[in-house]
Amino acid sequence: MGLMWYLMGMATTGAIWGYLSLGRRYRLGAMANVALFGTFALAWLCVGWSWGSFAEGEPQSGAMGLICFGLSTMVLAVLTWRNFIRPFKKA
């Protein structure tokens with residue numbers, strides 16, 4: 001479990017770095033910020049739930065966490081990119 005928290009901390013650092021990089025290239029409005037935070041929160045929940053379930057020996061719960069939270073994360077990330085980020089590229 002210690003490795004999970006270490007990797008989640010590294011992923012959080014990477015997400016902040018990616019957010020700052022996006023902010024330099026695109027105009028991020030309020031909806032983009034909310035959607036990006038929601039995407040990050042779902043991804044964090046997906047990793048935490050799934051890793052914890054697999055570590056406790058409950059692979060079915062881990063797989064359901066991957067399906068429910070992971071799929072929702074991917075859908076929200078794609079919709080955020082298409083609707084709130086890509087159309088507002090800085091010149």
Side-chain angles (χ1 to χ4, degrees):
M1 290 302 282
L3 177 63
M4 179 192 75
W5 289 111
Y6 175 75
L7 292 175
M8 288 177 78
M10 295 297 288
T12 302
T13 304
I16 292 170
W17 194 3
Y19 174 77
L20 293 175
S21 177
L22 272 177
R24 280 186 244 122
R25 294 188 180 121
Y26 298 91
R27 280 183 288 127
L28 300 176
M31 287 301 294
N33 287 325
V34 169
L36 284 172
F37 178 75
T39 301
F40 170 75
L42 274 174
W44 220 72
L45 183 64
C46 175
V47 171
W49 181 295
S50 301
W51 193 309
S53 295
F54 287 125
E56 291 176 0
E58 297 289 339
Q60 189 172 7
S61 175
M64 288 304 295
L66 282 173
I67 289 171
C68 294
F69 302 122
L71 188 61
S72 300
T73 300
M74 290 190 316
V75 168
L76 185 58
V78 168
L79 290 176
T80 301
W81 176 257
R82 286 185 180 177
N83 295 327
F84 302 126
I85 297 175
R86 187 179 59 185
F88 301 108
K89 185 170 176 87
K90 288 183 179 176

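- Residues Tyr19 and Leu28 form a side-chain contact, since some pair of their non-hydrogen atoms from C-beta on lies under 4.5 Å apart.
- The minimum heavy-atom distance linking Gly65 with Ser50 is given by the pair C-OG, 3.6 Å.
- Summarising the geometry, atom CD1 belonging to Ile85 is positioned 8.5 Å from atom CG belonging to Asn33; distances are rounded to the nearest 0.5 Å.
- At least one side-chain heavy atom of Leu3 sits under 4.5 Å from a side-chain heavy atom of Trp51.
- Linking Ile, Leu, Val, Met, Phe, Trp and Tyr residues whenever their side-chain heavy atoms come within less than 4.5 Å leaves Ile16 and Leu45 in two separate clusters.
- Leu22 contributes atom CG, which lies 6.5 Å from atom CG of Leu36 (distance to the nearest 0.5 angstrom).
- Under the 3.5 Å distance criterion, the side-chain polar atoms of Thr39 are matched with a main-chain donor or acceptor of Ala35.
- Remark: Leu76 CG to Leu71 CG distance equals 11.0 Å, nearest 0.5 Å.
- When atom types are taken as modelled, the side chain of Trp49 and the backbone of Ser61 share a donor-acceptor pair closer than 3.5 angstrom.
- Contact detail for Leu66 and Phe54: the closest heavy-atom pair is CD1-CE1, 4.1 Å.
- Annotation: side chain of Arg25 is not in contact with side chain of Lys90 (no heavy-atom distance under 4.5 Å).
- Looking only at side-chain heavy atoms (C-beta outward), Phe69 and Val47 stay at 4.5 Å or farther from each other.
- Within a 6.0 Å radius of CE in Met1, other residues, nucleotides and ligands contribute more than 12 heavy atoms.
- The CZ atom of Phe40 sits 3.5 Å away from atom OG1 of Thr12, with the distance rounded to the nearest 0.5 Å.
- What you find for Cys68 and Ser72 is that their closest heavy atoms are O-OG, 2.6 Å.
- No single ILVMFWY cluster, assembled from side-chain heavy atoms under 4.5 Å apart, contains both Val34 and Leu20.
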